[in-house]
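Keep in mind that this is a model prediction, so the values were computed, not measured.
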Amino acid sequence: MQKNTTPCYYGDYLQLDKILTAQATESARYGAEAHDETLFIIVHQVYELWFKQILHELKAVMAVFAAEEVKDEQLTGLVHKLKRIISIQQLLNQQIAVLETMTPQDFMAFRDYLVPASGFQSIQFKMLEIGLGLKSEYRIDFDKNSFYSRLNQPDREFLQGLEQQPSLFERVEKWLERMPFLQFNDFCFWQMYQQATQSMLAQDKAIVEQIEQIAEHERELQLNEIARTHEKFAALLDENKYQALQQAGSFRLSQKAMLSALFINLYQEEPMFNLPFQLLTCLTEVDEQLTIWRYKHAMMVQRMLGSKIGTGGSSGHDYLKRTTEKNRIFTDLFSMATFLLPKTALPALPPAIKRQLGFYFSPQA
């Protein structure tokens, strides 16, 4: 049933008169227009439109996590919004193929007219990075020194203010820390997990020691690897060792948040943990898609520029390659696989915990 009183016209609703006349090429200002500059502009405008939608979804997710309590029924909406962000990211990654239809010489026809404009100056992309949790202290050294230097003062002050606000990473960390099941009455997940991991690693060590068809140096390498794995497991459960690794940059999540995330991953099939597990999986996927985007971008820049510097003054491909490797956010969730146990080795949860984590119906008498 129609609810508007004034007819809505397609072109007016989408403001196509503004959108379709917003591709003003720089090359045309100096002479003959470079044909591929229009493609270059449209692709980047589409990027910015999708960044706007991602930020719209991220704002809604952040609003839920900003509350003192995240209700179970809200998790479905959070997972839905994060999956939408992932779908948009996948589309953005595919869009690079359209830009790569432009040859390096096609790009050279207008590139020098764009100095010093650069993707460095995409405020929305920086908002996305900061909002997710990639603040200045976690960036590569070049970014720490130049992250704000290429921006005008209003944009610089806006982003610096944004860095002072809690990110999604920080909100999720607080949410994980509030999980009650690590210590519940007489149940202690820490003790159960430690016993299970020690048993698993002892079995691995015994198997390696008993294998006859193996060179001694290979046996030693495998035993050393088992010893290092044992140290990682021990550090996970030792507050002082964990803090030392955290200060060294091996972990970002607090110990309590890390253990909660691990508990969720280990017992992901428990009804109450299904949506939290999906949410954590979505966060790893968001980070992965962002990393893929950086990698594809780096490869495209190498293809277009070779070893030339970027228009924004960076080292071009080399800079982008380093951001791909280092400018990550939810690496702790990726590292979770290090600490997982086979389902057959998982300690059985006490009935009281199973009841708390499950769905049950209690008919009225």
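- Looking at Q89, its side chain does come within 3.5 Å of a backbone N or O of V286 through a donor-acceptor pair.
- Under the 3.5 Å distance criterion, with hydrogens and angles disregarded, no donor-acceptor pair is assigned to the side chains of Q243 and Q247.
- Within the 4.5 Å cutoff, side-chain heavy atoms of E37 are placed close to those of L114.
- Ring planes of H44 and F40: tilted class, angle from 30 to 60°.
- Taking NE2 from H230 and CD from E225, the interatomic distance works out to 13.5 Å, rounded to the nearest 0.5 Å.
- L280 and L333 make their closest contact through O-CD1, 3.8 Å (heavy atoms, listed as atom of the first residue, atom of the second, distance).
- With contacts defined as side-chain heavy-atom distances shorter than 4.5 Å, the pair L91/Q94 qualifies.
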Practice item. Let me see the working for L78 and F65 under side chain to side chain contact (heavy atoms under 4.5 Å, CB included), right down to the final yes or no. Key: CA-CA 9 Å; L78 293 176; F65 276 112; 3.8 Å; yes
Exercise for review: Would you sort out whether M304 and L99 count as a side chain to side chain contact (heavy atoms under 4.5 Å, CB included), showing the intermediate values?
Suggested key: CA-CA 10 Å; M304 294 292 178; L99 200 55; 5.6 Å; no
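- With ring centers used as reference points, Y47 lies 6.0 Å or more from F125.
- Checking side-chain atoms of R303 against main-chain N and O of P104 turns up no donor-acceptor pair under 3.5 Å.
- A donor-acceptor pair under 3.5 Å links the side-chain atoms of Q2 to the main chain of N4, judged by distance alone.
- Of the N and O atoms on the side chains of Q23 and Q45, at least one donor lies less than 3.5 Å from an acceptor on the other residue.
- Atom CG of residue N265 and atom CG of residue L341 lie 11.5 Å apart, to the nearest 0.5 angstrom.
- Residues V43 and V46 form no side-chain contact, since every pair of their non-hydrogen atoms from C-beta on lies 4.5 Å or further apart.
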Exercise for review: Determine, stepwise, if the pair L266 / F273 fulfils side chain to side chain contact (heavy atoms under 4.5 Å, CB included).
Suggested key: CA-CA 10 Å; L266 288 169; F273 280 166; over 6 Å; no
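- Scanning both residues, F233 and T338, for their nearest heavy atoms gives CZ-O, 3.5 Å.
- Among Y138, F330, W175, the single residue meeting the ring-ring contact (aromatic ring centres under 6.0 Å, His included) criterion with F169 is F330.
- Here L201 contributes atom CG and Q203 contributes atom CD; the two are 9.5 Å apart, rounded to the nearest 0.5 Å.
- Across all their heavy atoms, M179 and I264 have their closest contact at SD-CG1, 3.8 Å.
- Side chains of T291 and E288: a donor-acceptor N/O pair is absent below 3.5 angstrom, by distance only.
- E33 contributes no side-chain N or O that, together with a main-chain N or O of R29, makes up a donor-acceptor pair within less than 3.5 Å.
- Among all heavy-atom pairs drawn from I19 and L14, the shortest one is CD1-O, 3.3 Å.
- Residues Y13 and L16 share a single hydrophobic cluster, defined by chaining ILVMFWY side chains whose heavy atoms lie under 4.5 Å apart.
- Proximity of a side-chain donor or acceptor of S27 to a complementary backbone N or O of A34 within less than 3.5 Å is detected.
- Listed for the D106 side chain is no donor-acceptor partner under 3.5 Å among the backbone atoms of D36.
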Point to revise | Step-by-step side chain to side chain contact (heavy atoms under 4.5 Å, CB included) determination, L275 to D72 | key: CA-CA 8 Å; L275 281 171; D72 292 339; over 6 Å; no
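- Heavy atoms of other residues, nucleotides or ligands lying less than 6.0 angstrom from NZ of K135 number more than 12.
- With S199 contributing its side chain and A196 its backbone, the two residues share no donor-acceptor pair below 3.5 Å.
- Atom CZ of residue R84 and atom CD of residue Q53 lie 6.5 Å apart, to the nearest 0.5 angstrom.
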**Study point:** Stepwise side chain to side chain donor-acceptor pair (under 3.5 Å) test for Q164 and Q160
**Key:** CA-CA 7 Å; Q164 304 308 311; Q160 287 173 336; over 6 Å; no
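- Side-chain contact of E48 with S122: a donor-acceptor pair under 3.5 Å is present, judged by distance alone.
- Ring pair F339/F251 is tilted by interplanar angle, where 30° to 60° counts as tilted.
- Remark: D204 CG to E209 CD distance equals 11.0 Å, nearest 0.5 Å.
- At a threshold of 4.5 Å between non-hydrogen side-chain atoms, the residues I292 and Q289 count as touching.
- Residue pairs meeting the salt bridge (charged side-chain N to carboxylate O under 4.0 Å, His left out) criterion with at least one member in residues 250-259, sequence neighbours excluded, do not occur.
- A salt bridge does not link K83 to E285: none of the charged side-chain nitrogens sits closer than 4.0 Å to a carboxylate oxygen.
- Checked against the 6.0 Å centroid criterion, the rings of Y193 and F263 do not qualify as a close aromatic pair.
- I41 and L39 end up in different hydrophobic clusters when Ile, Leu, Val, Met, Phe, Trp and Tyr side chains are linked at under 4.5 Å.
- A salt bridge is absent between E129 and K126; no separation between the charged side-chain nitrogens and carboxylate oxygens falls under 4.0 Å.
- Of all heavy-atom pairs spanning V70 and V64, the tightest one is CG2-O, 3.8 Å.
- Within the 4.5 Å cutoff, no side-chain heavy atoms of Y113 are placed close to those of T25.
- Between Q278 and N274, the side chains place a donor N or O and an acceptor N or O closer than 3.5 Å (distance only, hydrogens not considered).
- Under a hydrophobic-cluster definition in which Ile, Leu, Val, Met, Phe, Trp and Tyr are linked whenever side-chain heavy atoms come within less than 4.5 Å, directly or via other members, L49 and F51 are assigned to different clusters.
- Contact annotation: the side chain of E57 never approaches that of V61 to less than 4.5 Å [non-hydrogen atoms, C-beta and beyond].
- A donor-acceptor distance shorter than 3.5 angstrom exists from the side chain of E173 to the backbone of S254, with no hydrogens or angles considered.
- Rounded to the nearest 0.5 Å, atoms CD (E270) and CD (Q268) are 10.5 Å apart.
- Judged by distance alone, with hydrogens and angles left aside, the side-chain atoms of Q195 form no donor-acceptor pair with the main-chain N or O of M192 at under 3.5 Å.
- Of all the heavy atoms in Q255 and L236, the pair that sits closest is NE2-O, 3.0 Å.
- Between L290 and I329 there is a side-chain heavy-atom pair separated by less than 4.5 Å.
- Side-chain contact between K174 and E170 is absent, with no heavy atoms from C-beta onward closer than 4.5 Å.
- Following chains of ILVMFWY side-chain contacts shorter than 4.5 Å, one can reach V98 starting from L92, so the two form part of one hydrophobic cluster.
- Within 6.0 Å of CD in E73 there are more than 12 heavy atoms belonging to other residues, nucleotides or ligands.
- The backbone N or O of I211 lies less than 3.5 Å from a partner atom in the side chain of R219, making a donor-acceptor pair.
- Clustering ILVMFWY residues whenever any of their side-chain heavy atoms sit less than 4.5 angstrom apart, transitively, puts F334 in a cluster other than the one holding F277.
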